[in-house]
Amino acid sequence: MRFTLFVAAALLAGPALAQKPAKAPPPPHPGAEVYQNVCQACHMANAGGGEGAGRIPALAKNGALEASGYPIMVVTGGKGAMPWFRGQLSDQQIADVINYVRSNFGNKYKDKVTPAMIAEQGLPAPRGGMER
Amino acid sequence: MISSFEGPTRREILRAIGMMAGTAVLYQAMEVLGHAKETQFTGPPNLQGARPGTRVVVLGAGLAGMLAAYELGKAGYEVQILEYNNRPGGRNWSLYGGDTYTELGGATQKVGFAPGNYLNPGPWRIPYHHRALLHYCKAFGVALEPFIQMNQQALLHSSRAFGGKPMRYRELHADWDGNVAELLAKAIDNRGLDSAMTKEDADRLRLALREWGALDQNFKYTKSYRSSRRRGFERPQGGGVLGEPIPSEPHAFKDILDSGIWRVVSQHMSIDHQHAMFQPVGGMGMIGRGFARQVEGKITYNQKVTAIRQQGGKVTVTHSDTGTGATATTVADYCVCTIPLSVLSQIDVDCNPAMDAAIRAVPYSNSVKVGLEFKRRFWEEDEAIYGGISFTDQEIAMISYPSGKLHSDGPAVVLGAYTFGPASYKFAGMTPEERIQRALAQGSVFHPGRYQEEFIGGAAVAWSRSPFTLGCCAMWNEETRKQHYQTLVAVDNRLVLAGEHASYVGCWMEGAILSSLDAVTRLHKRALEA
């Protein structure tokens, strides 16, 4: 379906479009890739979370994300079933993904998290790593 | 010389050499870590003499929960089990044709496998030294068969070696041993080991290396009848006129190093993966079913636990029916709770603050498994691969060929992905159909022209989205073990926890069994002393 629409649009636009390159789409948010490759394994593609015997919290429209210190603490140090990601992700990646979630999925927090803030406020990865 | 190659570090090579040579130093190190010993099991606990009318509520009908109920029931307790799922077994589980599975997020899979075929989403193999589990399998009538872990005919694929072409494990293993033997023999000739051993021992080692590595008369690993008896012949032995075999050419050592074969070799030397290994006939879920027969009528399914209170000399568990939503309470004298910490940390548990902290301190790992059903066993029919595992450095990590019903006709299911680490998150973030397609695409590197072409259908389970565990297994580390483990396993008033998370055999069924036996033994003692 998507393909059909694209073809139709190209036909309508005619040859003029071929000479004038289409406006490049905005580059994806650097945190989007981290979210897709890591976070959505639990929090889901729509950040809606899920509920079974226990609950995976929704990140969408999440008031707990207002103070950036909270997601910094959870992502670096883990919480309950959620493992720590300090050392698995770089401080830059952690900052990117927190910024991505705090400005998407119905969250509209304007202030930005920086890698320096992760370094300063983040919890260290546990010593000795994990077993196995 | 070796350190100039890209790939393995010198330490990794030495480690692999050390393991293969069985050096005492490495063995001692492993023993200290507790990895080189059999698990602790001296026999069933044989509990007796419960005070009449004493009630125990068990939370969770996985192996730990059902075994606790069985042993406490035998001792004379009145036992009841509450289970979240609509089936027994917990993570011990097989998906068969006709089964439906809905993961968190709502994606539902209807499994279409042929009768008798299955995917084991959780545990899939049993080491020979997991004596407690083996004991109960026999006691409960669960038939076992060999699980083929190592198969030299299987393949190893590395995107960094042999231009991405998968190679026979046999060839790589033989060439690894042969080259290492040759290098060590050369080191002896160059007097490089003079400080490590006497000349007499060095001479003995030199001869041993020739035999171990299949070296020729000049202590070189070369194209020969001798090396081909390990790695296979260019033209195999036959009968009659062309019966004479033609030896094969060993690979260049650099390619062998690039392949990472030593990782697979050393994995197979771990005590958890040494032969013999077992699997239940008909799927791992047969163990859960076997245990459930022993506690028949005692399990209430579809119960979501919301609170565990300890007041007035009783334990009161609040739970709701996942179908009707009806809330109920179950009152007992004691409680054995086998709910995974990932879930338990979200439940209102009345226990001392230290145990509460322990419950919240242990995160859970993730893994994804994908089962792929094919029209026929082309790996057996076309390539003589009977069971075992082919390894890859792609996200799927491995494919495992079925160990059951070998040499039979008809469709069969291959474990098409068993992801670890970052790949698990990546796979879990996909839809089940995307996971299956990705597994199919990556696995086809082993069997081009067959894998995609003879594919029928698949099933994929991402443990991070499992409604009853929210993850795979408890992930302990040095600090949390020190700070929380003993608190976690201690009896707290009338409550004791059990499961793989309350053991040092983490992520194995044996851990759940041993934890359960220990928990009920201590709980029984406490009950008699009360």
Side-chain angles (χ1 to χ4, degrees), chain A residues 28 31-60 64 70 73-90 93-94 96-97 100-101 104-105 122-132, chain B residues 33 35 60 83-85 102-107 272 303-305 322 339-347 359-366 368 420-431 462-471 473-482 504 506-507:
Chain A
E33 197 188 351
V34 180
Y35 186 85
Q36 284 152 18
N37 284 331
V38 182
C39 313
Q40 79 179 35
C42 297
H43 294 284
M44 306 297 162
N46 63 3
E51 181 148 10
R55 199 169 61 92
I56 294 168
L59 301 179
Y70 179 70
M73 191 184 71
V74 172
V75 176
T76 53
K79 185 172 191 283
M82 177 172 161
W84 67 93
F85 283 93
R86 199 73 187 278
Q88 322 275 331
L89 297 172
S90 69
Q93 286 174 313
I94 292 173
D96 286 344
V97 78
Y100 175 68
V101 171
N104 282 279
F105 307 118
L123 298 169
R127 272 181 294 136
M130 58 183 150
E131 290 176 11
R132 299 170 66 80
Chain B
L33 292 170
H35 292 313
E83 165 57 41
Y84 175 78
N85 284 323
T102 301
E103 64 182 32
L104 290 176
D272 290 338
Q303 298 303 306
K304 175 174 171 169
V305 173
T322 56
I339 297 173
L341 301 180
S342 47
V343 173
L344 190 61
S345 58
Q346 301 185 21
I347 292 172
I359 289 169
R360 293 165 191 278
V362 186
Y364 271 55
S365 61
N366 184 26
V368 175
F420 300 92
S424 295
Y425 292 112
K426 198 168 175 184
F427 261 67
M430 301 175 195
T431 65
W463 281 97
S464 63
R465 293 185 177 184
S466 142
F468 58 101
T469 56
L470 315 182
C473 300
M475 252 191 326
W476 289 93
N477 63 58
E478 222 173 286
E479 268 178 78
T480 49
R481 284 281 191 205
K482 203 165 145 191
Y504 271 80
C507 222

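Letters go in sequence order (proteins before strands), and every chain restarts at 1.
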R465(B) side-chain N/O to A41(A) backbone N/O, donor-acceptor pair under 3.5 Å: yes
Chain A contact via V362(B) - which portion, at a heavy-atom distance below 4.5 Å: backbone
Closest heavy-atom pair and its distance - A53(A), V343(B): O-CG1, 3.5 Å
Straight-line distance of Q40(A) CD to M430(B) CE, nearest 0.5 Å: 9.0 Å
If one checks every heavy atom of S342(B) against chain A at 4.5 Å, the contacting part turns out to be both
Kindly say whether G80(A) contributes a backbone atom to a donor-acceptor pair with the side chain of S345(B) at under 3.5 angstrom? no
Residue selection (most heavy-atom pairs with chain B, distance under 4.5 Å) from E51(A), H43(A), R55(A): R55(A)
Structural part of M44(A) lying under 4.5 Å from a heavy atom of chain B: both
Considering non-hydrogen atoms only, spot the tightest contact between P83(A) and Y364(B) and give its length. CG-O, 3.5 Å
SG of C42(A) to OH of Y425(B), rounded to nearest 0.5 Å, is 6.5 Å
